[in-house]
Amino acid sequence: MNHDQTSRCTKASAVSAMWGREFRSYSGATLEQIPQLKKFSEADRFAMKVVSKVLPCRINQFVIEEQIDWERVPEDPLFQLAFPQKEMLSPEDFETMAALVKNQADEKTLSEAALRIHERLNHHPADQTTLNVPQLDGMPLPGMQHKYDQTVLFFPSQGQTCHSFCTYCFRWPQFIGASTLRFAAQGTNYLLAYLRSQRQVTDLLVTGGDPMVMKTESLARILEPLLAPEFDHIDSIRIGTKALSFWPYRFVGNADADALLRLLEKLVRGGKHVAIMAHLSHAQELRPPIVQAAVKRLQGAGAVIRSQSPILRHINDCPQVWAEMWRRQVRLGIVPYYMFVARDTGSRRYFEIPLVRTLEVYQGAVKQVSGLARKARGPSMSGGPGKIEVQGVAEIQGEKVFVLRFLQARNADWTDRPFFARFDPEASWLDDLRPAFGDERFFFEEEYAAMRSEAAAS
Ligand SMILES: *Cc1c(COP(=O)(O)O)cnc(C)c1O
Ligand code: SF4
């Protein structure tokens with residue numbers, strides 16, 4: 001063996017050892033152990049600790065070492081996304097928690113105080129827990145949601161954590177451990193029985209948390225049965241995940257990676273469309289070679305990766321960022337799918353931007369890219385009545401208005417019908433909008449109110 005070959009071998013094994021490396025992650029309690037945070041003052045680190053007592057955090061070694069650009073911290077977008085920031089809490093809430101932490105209050109006192117703050121942070125926006133729970137023979141099925149005709153959401157109980165605890169995520173109650181706030185399914189029998197009974201459903205969306213934190217074996221128990229002829233009506237299997245950019249080893253190098261790829265391939269061969277719904281908020285997330293390797297492997301198995309993200313202040317509230325992200329995605333064969341407006345939950349106060357700015361970002365980004373990169377729908381507000389897209393600002397009969405339409409609606413008949421809200425430069429969510437032209441209500445409001453009171457009564 002000549003020297004050249006030896007050195008190549010050593011290099012190869014070093015790489016695979018790294019790719020297969022153990023998952024190490026940090027929570028609020030262990031933030032102090034992250035060496036990179038030493039560059040912050042004691043006050044800054046204390047603030048992170050205080051915020052993490054209210055909004056849980058979880059940051060892994062890969063994100064710290066390969067995703068965050070520490071030269072650019074604190075402005076670095078992925079630092080902003082992953083680490084607790086002082087202004088995520090209102091000044092009053094911050095002071096309350098800070099005083100308790102300073103006085104070394106016990107865990108019980110801290111968690112009670114946190115709970116009081118959570119209650120104000122709208123932990124189940126858009127009536128998630130009451131309106132969308134499907135039923136089988138009159139029995140509600142926890143761990144599932146069925147809001148739009150074609151798509152059933154499944155929340156497997158082992159998948160209720162995530163590689164990132166984005167504090168703007170409507171899933172954050174899943175991460176704080178308050179069991180009454182979680183919905184998580186135990187076992188798959190109910191799921192299969194329900195899908196069997198719903199012939200109009202074409203899509204199963206497995207979500208969490210992040211189902212990619214689950215072992216392949218557990219995922220297979222959910223997905224393989226769908227290859228049986230009785231589930232011919234299920235065309236597409238979607239899996240929502242942050243693992244692609246925050247723990248790509250799930251797809252490359254981890255002990256369980258090959259089995260996962262084989263599972264996806266089997267589903268594709270069996271005639272299903274496998275869609276990986278990647279949570280990607282910035283082009284920077286696609287930079288590490290291992291992320292690109294994970295993309296290629298998933299595509300090699302026949303899966304199509306689509307991307308979605310909310311638009312967020314401090315992270316991606318600028319047209320160039322989206323244009324660059326979409327271009328890089330298209331180059332990797334990833335299909336841009338959704339741009340969301342940050343939801344009315346969690347740390348929204350830190351990330352929210354006015355709808356009018358959101359539109360500027362969307363329109364500013366779209367005009368810089370080719371048609372292939374213009375596939376993201378949005379900006380879309382996912383609220384109780386449905387997914388409402390903000391299409392633009394127009395002047396109609398002398399009144400300045402937002403032009404809106406449902407991309408998805410609780411009543412399918414509402415879909416795609418344009419409607420109008422009074423222009424408001426400060427509005428940042430559906431609740432802030434009022435009907436245009438002096439109307440009292442939006443066209444769907446009466447029916448939606450009836451649906452809500454019906455659900456409350458049952
Ligand atoms: C977004 C969403 C879906 C999927 O909608 P598509 O337009 O098909 O991507 C399904 N169910 C719920 C509850 C959703 O919020
Ligand atoms: S599910 Fe997505 S948005 Fe929510 S915490 Fe995980 S990565 Fe963030």
Side-chain angles (χ1 to χ4, degrees), residues 25 55-60 63 67 78 80-84 124-129 131-134 144-155 159-176 183 200-213 235-247 250 273 275-282 285 306-312 315-316 335-343 345-348 351 375-378 380-389 405-410 412 415-416:
S25 80
L55 299 164
C57 74
R58 175 173 153 117
I59 304 149
N60 72 44
V63 174
Q67 287 290 23
L78 298 177
Q80 291 287 328
L81 190 152
F83 279 85
H124 263 304
D127 302 320
Q128 285 182 100
T129 42
L131 271 183
N132 307 327
V133 181
M144 276 182 244
Q145 279 188 44
H146 191 185
K147 181 168 175 181
Y148 308 131
D149 293 342
Q150 298 83 5
T151 307
V152 167
L153 267 52
F154 184 63
F155 299 77
Q160 296 316 305
T161 182
C162 186
H163 288 300
S164 175
F165 284 178
C166 309
T167 56
Y168 54 79
C169 179
F170 67 92
R171 295 168 180 85
W172 69 268
Q174 317 262 106
F175 310 140
I176 58 184
F183 27 49
Q200 85 285 15
V201 171
T202 57
D203 288 38
L204 171 67
L205 203 169
V206 186
T207 180
D210 186 339
M212 289 300 184
V213 303
D235 301 327
S236 301
I237 295 167
R238 307 192 211 180
I239 306 174
T241 188
K242 187 71 179 172
L244 185 64
S245 61
F246 272 30
W247 192 246
R250 180 68 186 97
H273 172 57
I276 304 296
M277 310 304 289
H279 296 200
L280 295 171
S281 303
H282 201 283
E285 288 177 74
R306 290 183 175 75
S307 75
Q308 57 189 49
S309 172
I311 164 165
L312 304 155
I315 295 179
N316 59 19
V335 185
Y337 188 61
Y338 263 127
M339 177 200 266
F340 290 119
V341 178
R343 220 158 164 170
T345 187
S347 62
R348 180 172 169 239
F351 291 114
K375 299 305 287 177
R377 299 192 293 169
S380 163
M381 292 178 279
S382 206
K387 280 190 172 67
I388 297 177
E389 183 182 64
R405 71 159 172 160
F406 279 99
L407 297 171
Q408 285 286 4
R410 191 175 284 288
T415 314
D416 246 7

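Computation of the quantities below employed the complete heavy-atom set of this structure, encompassing side-chain atoms and omitting hydrogens, waters and symmetry-equivalent molecules. Just so you know, ligand 1 is whichever comes first in the structure, and atom 1 is the first atom listed for that ligand.
The shortest separation from a heavy atom of Leu153 to ligand 1 is under 4.0 Å, placing the residue in contact. Between Arg238 and ligand 1 there is a heavy-atom distance shorter than 4.0 Å.
Residues Asp210 and Trp247 are not in side-chain contact: their nearest non-hydrogen atoms beyond the backbone lie 4.5 Å or more apart. Counting heavy atoms from C-beta on, the side chains of Lys147 and Arg410 come closer than 4.5 Å. Side-chain contact between Gln67 and His282 is absent, with no heavy-atom pair separated by less than 4.5 Å. Contact of the Gln145 side chain with the Thr207 side chain is not registered, since no non-hydrogen atoms from C-beta on lie closer than 4.5 Å. Contact annotation: the side chain of Leu312 never approaches that of Gln80 to less than 4.5 Å [non-hydrogen atoms, C-beta and beyond].
Here Cys166 does not reach atom 4 (Fe) of ligand 2: none of its N/O/S atoms is less than 2.8 Å from the metal.
Contacts of Ser236 classified as side chain to side chain contact (heavy atoms under 4.5 Å, CB included), with partners at least two apart in sequence or in another chain: Asp203, His273. Applying the salt bridge (Lys or Arg N to Asp or Glu O under 4.0 Å) criterion to Arg250, with sequence neighbours excluded, gives Asp256.
For His279, the N/O/S atom at the shortest distance from atom 2 (Fe) of ligand 2 is named ND1.
The atoms of ligand 2 that sit less than 4.0 Å from any heavy atom of Cys169 are 1 (S), 3 (S), 4 (Fe), 5 (S). Per-residue contacts place Tyr337 under 4.0 angstrom from the following atoms of ligand 1 (heavy atoms of the residue considered): 6 (P), 7 (O), 8 (O), 9 (O). When each atom of ligand 1 is checked for a heavy atom of Gln408 under 4.0 Å away, the hits are 5 (O), 6 (P), 7 (O), 8 (O). Near Lys242, meaning under 4.0 Å from one of its heavy atoms, ligand 2 places the atoms 7 (S). Close approach to Tyr338 involves these atoms of ligand 1, each under 4.0 Å from a residue heavy atom: 6 (P), 7 (O), 9 (O).
Within the model, atoms NZ of Lys387 and CZ of Phe406 stand 12.0 Å from one another, a figure rounded to the nearest 0.5 Å.
The nearest protein atom to atom 12 (C) of ligand 1, hydrogens excluded, is given as Tyr148 CE1, 3.5 Å; this is a heavy-atom distance.
Of all the listed residues (Lys387, Arg377, Gln308), Arg377 holds the heavy atom that lies closest to atom 7 (O) of ligand 1.
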